[in-house]
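A quick note: this is a predicted structure, and the numbers were derived from the prediction, not measured. Just the heavy atoms: all of them, side chains too, but no hydrogens, waters or symmetry mates, feed the values below.
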2 protein chains.
Amino acid sequence: MSAPSVGQSERRSGALLEYLARRMRLRSESVLAPLGLRPRHLVALTVLRDAGGISQQALASTLQIDSTNVVGLLNDLEAAHLVERRRSPEDRRRHDVFLTETGASRLGEAECALASAEEEVLGALDPAERDQLYELLRRATSGAPANCAAAVTDEAELDASC
Amino acid sequence: MSAPSVGQSERRSGALLEYLARRMRLRSESVLAPLGLRPRHLVALTVLRDAGGISQQALASTLQIDSTNVVGLLNDLEAAHLVERRRSPEDRRRHDVFLTETGASRLGEAECALASAEEEVLGALDPAERDQLYELLRRATSGAPANCAAAVTDEAELDASC
DNA sequence: TATTGTTATACTCTATAACTATA
DNA sequence: TATAGTTATAGAGTATAACAATA
């Protein structure tokens with residue numbers, strides 16, 4: 001490959017995101033393994049740091065994974081004492097999920113260890129561009145994840161436009 | 001979740017990328033299904049548009065997937081007449097892989113159809129920011145995918161720095 | 001009756017090992 | 001002997017269906 005540009009004609013970010021995320025995930029795996037974490041554990045911990053105390057359902061919706069799989073994910077993390085399930089006093093069906101102190105510090109270590117993975121995967125970008133990318137990703141992921149239902153209804157119209 | 005920021009303390013893009021790519025993949029799936037494509041097919045086609053004629057090994061290395069899985073991937077795409085395997089005249093062990101005209105136009109349709117998925121997933125970004133993101137992703141993914149071996153050796157030092 | 005969480009299970013994706021053919 | 005591609009197969013990851021407890 002001689003300086004290839006993946007996806008030029010329609011300028012869609014989809015394939016590029018998939019491509020870059022895969023590279024990052026592969027490199028992250030080996031860095032996270034010594035900490036007993038997998039990439040999806042990292043994402044879950046990261047979400048819980050900001051949204052601690054949410055229910056498993058809400059967590060599933062935020063992570064966009066099936067709620068049945070949240071069970072296993074939390075079983076892993078709880079067994080490692082990184083998160084805690086507390087039966088909600090308001091609604092006894094619910095479990096509120098919290099990051100433990102151990103979990104918070106483990107997450108910090110993980111993010112620290114990820115420096116080398118980023119170094120490699122984002123090597124083509126200079127520090128300023130990496131900051132820019134981080135900021136854009138942060139803003140994009142901060143966006144309301146709840147607008148899915150509304151957006152789906154517009155789908156047909158959008159498709160016709162191009 | 002009240003305007004959460006996923007990953008603030010160490011400012012690592014890893015979890016954000018994984019998170020955003022997953023959202024994009026999930027939305028892409030339903031958009032691509034009518035075209036008989038899956039997200040990983042799209043990535044493969046996108047790479048082949050720019051690097052047509054490469055061997056299956058090289059494709060595996062570029063896509064960062066195991067070469068055994070390239071077989072099945074290409075079987076799918078070849079059955080749909082989107083790519084073509086040609087026995088290399090120089091080295092008869094090798095298959096050179098090419099995007100067909102059908103493949104190129106199907107890829108165009110797919111990218112077009114992905115507009116709605118992007119609209120939804122990148123909804124928090126304005127058009128200028130989306131262009132900026134696209135450009136950063138394009139540059140990051142254009143970087144040499146061959147430097148893995150070299151970079152791995154530096155790993156230990158980098159880890160110690162933070 | 002609807003919802004939260006759980007289990008069991010099937011399906012997809014991916015990786016490992018052994019094989020064929022060319023070099 | 002080494003490399004390109006293939007097959008078979010086991011392991012993760014994910015989704016679907018049925019169930020228990022609570023609302």
Peer 1: Round to a whole Å and report the spacing from CG of B/D96 to C1' of D/dA4.
Peer 2: 11 Å
Peer 1: Less than 4.0 angstrom from a charged side-chain N to a carboxylate O is my criterion; do A/E18 and B/R25 meet it?
Peer 2: yes
Peer 1: What are the 5'-most and 3'-most nucleotides of DNA chain C lying under 4.0 Å from any heavy atom of chain A?
Peer 2: C/dA2 to C/dT14
Peer 1: Specify the separation, in whole Å, of atom CG of B/D66 and atom C1' of D/dT6.
Peer 2: 12 Å
Peer 1: Are B/R94 and B/Q56 close enough that a side-chain donor and a side-chain acceptor fall under 3.5 Å?
Peer 2: no
Peer 1: Residues two or more places apart in sequence or in another chain: which of them pass side-chain hydrogen bond (donor to acceptor under 3.5 Å, both in side chains) with B/E84?
Peer 2: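 By the side-chain hydrogen bond (donor to acceptor under 3.5 Å, both in side chains) rule, B/E84 matches B/R86.
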Peer 1: Atom pairs under 3.5 Å, N or O on each side, protein against nucleotides 21-23 of chain D: can you list them with distances?
Peer 2:
| residue | atom | partner | partner atom | Å |
| --- | --- | --- | --- | --- |
| D/dA23 | OP1 | A/R92 | N | 3.1 |

Peer 1: Using whole Å, report how far NE2 of B/H95 lies from C1' of D/dT3.
Peer 2: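 Between C1' of D/dT3 and NE2 of B/H95: 14 Å.
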Peer 1: Taking CD1 from A/I65 and C1' from D/dA12, how many angstroms apart are they, rounded to a whole number?
Peer 2: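 Going from CD1 in A/I65 over to C1' in D/dA12 covers 14 Å.
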Peer 1: Taking the nucleotide of DNA chain C with the nearest heavy atom to each, does A/R25 or A/S55 sit closer to the 5' end?
Peer 2: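 Whichever sits nearer the 5' end wins; that is A/S55.
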Peer 1: Please check if the side chain of B/R85 supplies one atom and the backbone of B/H95 the other of a donor-acceptor pair under 3.5 Å.
Peer 2: no
Peer 1: When you match B/R22 and B/N75 each to their closest nucleotide on DNA chain D, which lands nearer the 5' end?
Peer 2: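 Nearer the 5' end of the strand: B/N75.
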Peer 1: A/L26 or A/V70: which one's nearest nucleotide on DNA chain C is closer to the 5' end?
Peer 2: A/V70
Peer 1: Should B/N69 and B/R40 be marked as a side chain to side chain donor-acceptor pair (under 3.5 Å) after you check the CA-CA gap, both sets of side-chain angles, and the distance that decides it?
Peer 2: CA-CA 11 Å; B/N69 296 322; B/R40 77 205 144 93; over 6 Å; no
Peer 1: Roughly, in whole Å, what's the span from CG in B/N69 to P in D/dA10?
Peer 2: 16 Å
Peer 1: Have B/R138 and B/T141 got a donor and an acceptor in their side chains that come within less than 3.5 Å?
Peer 2: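 Note: B/R138 and B/T141 side chains miss the donor-acceptor criterion.
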Peer 1: Using a strict threshold of under 4.0 Å (side-chain N to carboxylate O), is an ion pair present between A/R49 and A/E111?
Peer 2: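 Result for this pair is yes, salt bridge flagged.
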Peer 1: Quickly work out the B/R94 CZ to D/dT6 P distance and round it to whole Å.
Peer 2: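 Rounded to the whole Å, the gap is 14 Å.
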Peer 1: How many Å lie between CD1 on B/I54 and C1' on D/dA4, as a whole number?
Peer 2: 14 Å
Peer 1: To the nearest 0.5 Å, tell me how far B/L37 CG sits from B/S28 OG.
Peer 2: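 Atom-to-atom, B/L37:CG and B/S28:OG are 11.0 Å apart.
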Peer 1: Are the side chain of A/S61 and the backbone of A/Q57 linked by a donor-acceptor contact shorter than 3.5 Å?
Peer 2: no
Peer 1: Measure CG/A/L73 against P/D/dA15 and give the value in whole Å, please.
Peer 2: 13 Å
Peer 1: Would one find a side-chain N or O of B/R85 under 4.0 angstrom from OP1 or OP2 of D/dA4?
Peer 2: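 Looking at the OP1 and OP2 atoms of D/dA4, neither is under 4.0 Å from any side-chain N or O of B/R85.
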Peer 1: Does the D/dT14 base have a donor-acceptor partner in the side chain of A/T68 within less than 3.5 Å?
Peer 2: no
